[in-house]
Colleague: 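I have a structure I would like to understand better, so I am pasting it below and will then ask my questions one at a time.
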Amino acid sequence: MQQGRVIVEGRNLVRKFNDNVVLNNVSITCREGEAIALVGENGAGKTTLMNIISGGLKPTSGQIFVDGEEVKFSSSLHARSLGIAFVHQELSLLDEMTVGENIMMSIEPRKGIFLRQKEIHSKAEVILRDIGFDIDVNRMAGDLTPAERQIVEIAKAYSSSPRLMIFDEPTSSLNQAESERLFAFISRIKAQGVSVIMISHRMDDIFATCDTAFVLKDGEFVFSSPVADTTSDELISKMVGREFKTAYPPRGTYDSGRIRISLRNVCVGDAVRDVSLDVPEGRIIGIGGLEGQGQRELCRALFGIERFSSGDYLIDGQTVRITSPHSAIRQSIAFVPDDRKAEGLVLPLSVEENISTLVLDKVSRFGVISRSRLDDEVAQGIQELNIKVQDPQQLVMYLSGGNQQKVVFSKWIKTDPKILYLHEPTRGVDVQSKLEIYSLVRSLAEKGVSVVLFTSDMLELIGLSDEIYVMYEGRISGHLKGDDATEEKLMRFSAGVNELDKEAVEC
Amino acid sequence: MLTGSVRRQVRQAVPAWIILVAIILLSSLFSSSFRTIGNIRNFVTQSVVLALVAIAQANVLFIGGIDMSVSSVISISTIFVALFSYDSTLGLVGSIALALAVGALTGLVNGIGVVRFRIPAMIITISTQAFLKGVALILMPSSGGRVNIAFSSFMRNRVGIFTYAAIITFILYVIFYVMYHYTTFGRRMYAVGNSPLYAAQSGVPVERTTVITYVVSGLVAAFAGIVLSTRISTGNPLVGDSYAMDSVAAAVVGGVSMNGGVGSVVGALAGAVIMTLINNVINQFGISPYYQYITKGLVLVLSLLIFQLRRRRSV
């Protein structure tokens with residue numbers, strides 16, 4: 001399939017966020033009628049690359065050519081006008097408008113300044129039919145199911161008659177039959193000469209629709225091959241295999257044999273289904289998998305931000321009902337959220353105020369804060385975690401990511417938790433602070449704290465966890481001992497391709 | 001004509017119209033003075049200004065904004081008309097033009113503050129409100145001036161129970177109704193109100209739509225002030241004060257969401273009439289006017305509750 005005319009080409013694309021290189025010198029060529037499967041682990045740079053190709057993000061360096069001419073996209077709208085459409089994964093239609101109005105937004109048929117409502121809906125209907133789906137165009141977008149929303153998003157992208165269509169995990173909310181109809185649509189547009197890029201982690205999807213596989217790892221191009229000449233095993237082996245660049249603390253020795261947390265068939269809506277697991281005292285349990293497989297919902301339900309819709313949640317053998325973060329904190333649970341700027345910290349307040357948020361009762365008498373006791377607590381916290389500040393009054397917003405995260409940890413450690421839920425605890429944290437956080441977490445575990453680590457960083461997962469559970473589409477797809485885990489095994493569980501689970505589960 | 005999302009938007013107005021009809025029926029039943037033609041005529045005249053301001057307010061609420069500066073725009077408009085219109089036709093035209101220009105300029109400042117400098121709509125419009133109020137008080141520290149007699153008697157002319165002012169207001173409602181629901185500009189406003197980000201990604205010029213919307217609100221508020229001046233025959237630097245809150249209340253009672261993107265101007269009309277009716281009815285029953293505020297507050301809370309419940313049920 002190397003003979004089609006080149007529609008879009010990215011040459012030597014580099015993207016840096018501050019000093020962090022997320023895309024390094026990647027070149028990609030999209031030809032008429034060719035479907036490229038873009039694969040790689042979390043954080044491999046897939047979405048970044050696609051955002052650059054579709055004008056949503058400017059490359060730090062490198063060139064983009066459309067029809068052989070170099071272009072510099074000013075916006076995603078500009079890219080769309082050149083025929084590049086990106087079907088995003090985040091589903092965000094206008095709920096208060098109909099399906100038809102959403103699809104035809106800003107390209108409405110009109111007469112002078114007046115809209116032609118009938119024509120808007122009839123045209124949208126034609127577009128949906130072209131795609132192979134029959135959704136009533138007069139329904140409100142707010143009433144649609146996630147699958148229908150996904151289809152409408154695709155229709156919306158297709159309505160601008162693109163020549164390159166980019167799909168980001170298009171089948172994640174579709175069932176088997178719907179996926180097949182989508183693939184049939186992709187085959188049809190390929191036949192019409194449209195170029196397709198599909199980000200996917202489902203091997204089945206890739207082999208069903210794509211011509212070429214394109215593998216990214218750590219922001220770099222590693223492998224490309226016609227799909228017909230490769231296997232899912234080969235693709236997985238190309239995706240993984242990073243080196244352990246970070247030193248992890250030795251695994252835990254704490255073993256009281258007591259189970260601290262038990263989950264029995266818990267569900268959170270459709271996002272988490274029938275998850276059962278045990279977390280012993282003093283152990284670090286890692287929860288891995290590709291992004292968006294229900295990890296977020298699970299950890300937020302564990303801390304009471306969301307509710308379990310069914311199943312039992314036991315702490316020290318007692319069933320608990322945790323319906324709010326407040327009730328979680330009363331159970332001695334601590335939670336480090338993934339978005340520290342929004343949820344973990346109050347940015348415009350000082351280090352002191354952030355660290356002491358949860359222990360004000362401890363340092364005050366009759367509701368009046370004792371200055372000296374507060375100062376002691378805060379000074380101790382800063383020292384304990386080696387937070388680099390000149391002054392406890394310094395505002396948290398001016399600290400580095402690593403120091404900010406240490407402030408979050410310090411805040412929680414002050415509550416003497418028995419349980420620590422960590423959600424992406426080292427995202428956007430420098431290497432030195434990462435190491436300090438790892439040894440801190442391990443030392444807490446050694447004191448008997450039960451830790452559940454939700455992370456999409458596979459090396460962190462393997463390096464830190466005593467046991468690992470992998471989630472796939474809301475279920476546990478694998479369970480391994482930390483010592484036995486390899487990236488390859490985890491990737492298999494994560495991609496839902498492997499039936500070896502049976503033996504692994506018995507660990 | 002009610003196709004697509006238009007039906008849903010217009011349906012937001014239904015509870016307000018039901019409440020309105022209920023109030024009118026009950027009041028007519030229990031108060032003989034309410035149901036006199038004189039009172040009804042009177043009350044239609046009273047509704048006009050708030051009905052106009054409600055258009056201005058609903059307009060910005062649709063795009064997810066709010067406009068607290070309408071009150072000062074109204075006051076300053078009455079002052080311009082009272083200062084310059086009395087002597088000549090030229091003065092009349094000039095004063096109207098001046099009032100409209102100041103209204104548009106205020107809207108422009110509000111709009112640019114919101115899109116360019118990312119100032120929350122509430123803050124920027126309170127700032128322009130305060131600024132204009134100062135200007136109004138300097139121009140005319142207390143009620144005064146005179147309004148062109150020919151102009152005010154023209155606006156007070158009647159066809160049946162409707163003054164010309166009421167008829168013009170009604171025509172404006174029709175124009176705005178068509179604009180919101182049947183033109184591309186209206187569609188863009190709703191898109192911006194629902195989700196600016198998504199609107200931008202769909203090719204809607206979000207910034208331009210926002211600025212134009214604020215300018216239109218300023219113009220309509222200025223026009224409301226001009227109409228008000230013909231009723232009170234003078235200029236007054238404080239006469240517009242109550243309209244900022246009352247217009248928000250009218251729109252919200254009429255089913256316009258304060259989160260943007262939901263509602264119809266049809267509801268704002270009902271809301272404006274309901275808010276005016278509350279005053280009228282309380283007067284008719286001889287109750288202390290202080291209860292007006294309590295009643296208005298209760299009606300507002302009640303209608304917000306109704307919309308919250310409806311929304312929750314639909315989710």
Colleague: Can you name the residues that form a side chain to side chain donor-acceptor pair (under 3.5 Å) with A:Ser161, not counting sequence neighbours?
Modeller: none

Colleague: Determine the option with the most heavy-atom pairs under 4.5 angstrom with chain B, choosing from A:Val99, A:Asp95, A:Thr98, A:Ile120.
Modeller: A:Thr98

Colleague: Which residues pass the side chain to side chain donor-acceptor pair (under 3.5 Å) test with A:Glu306, sequence neighbours left out?
Modeller: none

Colleague: Please report, to 0.1 Å, the donor-acceptor pairs under 3.5 Å made by any side chain of residues 208-219 of chain B, with sequence neighbours excluded.
Modeller:
{"residue": "B:Thr209", "atom": "OG1", "partner": "B:Pro205", "partner atom": "O", "Å": "2.7"}
{"residue": "B:Thr210", "atom": "OG1", "partner": "B:Val206", "partner atom": "O", "Å": "2.7"}
{"residue": "B:Thr213", "atom": "OG1", "partner": "B:Thr209", "partner atom": "O", "Å": "2.6"}
{"residue": "B:Ser217", "atom": "OG", "partner": "B:Ala56", "partner atom": "O", "Å": "2.6"}
{"residue": "B:Ser217", "atom": "OG", "partner": "B:Asn59", "partner atom": "ND2", "Å": "3.0"}

Colleague: Does CG in A:Asp270 sit with more than 12 non-hydrogen atoms of other residues, nucleotides or ligands closer than 6.0 Å?
Modeller: no

Colleague: Using non-hydrogen atoms and a limit below 4.5 Å, what part of residues 102-113 of chain A faces chain B?
Modeller: A:Asn102, A:Met105, A:Ser106, A:Glu108, A:Arg110, A:Ile113

Colleague: Checking heavy atoms, do the side chain of B:Ala200, its backbone, both or neither come under 4.5 Å from chain A?
Modeller: backbone

Colleague: For the atom pair CD (A:Gln117) and OH (B:Tyr182), what is the distance rounded to the nearest 0.5 Å?
Modeller: 7.5 Å

Colleague: Just wondering, do B:Thr183 and A:Phe114 contact through their side chains at under 4.5 Å, heavy atoms?
Modeller: yes

Colleague: Can you say whether B:Arg7 sits under 4.5 Å from chain A via the side chain, the backbone, both, or neither, judging by heavy atoms?
Modeller: neither

Colleague: Under 4.5 Å from any heavy atom of chain B, what part of A:Leu77 do you find: side chain, backbone, both or neither?
Modeller: side chain

Colleague: CG of A:Asn138 to OG of B:Ser5: how many Å apart, nearest 0.5 Å?
Modeller: 10.0 Å

Colleague: Hey, are the side chains of B:Arg187 and A:Met97 touching, using non-hydrogen atoms and a 4.5 Å cut-off?
Modeller: yes

Colleague: Give a yes or no on whether a salt bridge exists between A:Asp143 and B:Arg8, defined as a side-chain N under 4.0 angstrom from a carboxylate O.
Modeller: yes

Colleague: Given that the side chain runs from C-beta out, which part of A:Arg139 has a heavy atom under 4.5 Å from chain B: side chain, backbone, both or neither?
Modeller: neither

Colleague: Less than 4.5 Å apart, any side-chain heavy atom of B:Ser257 and any of A:Glu96?
Modeller: no

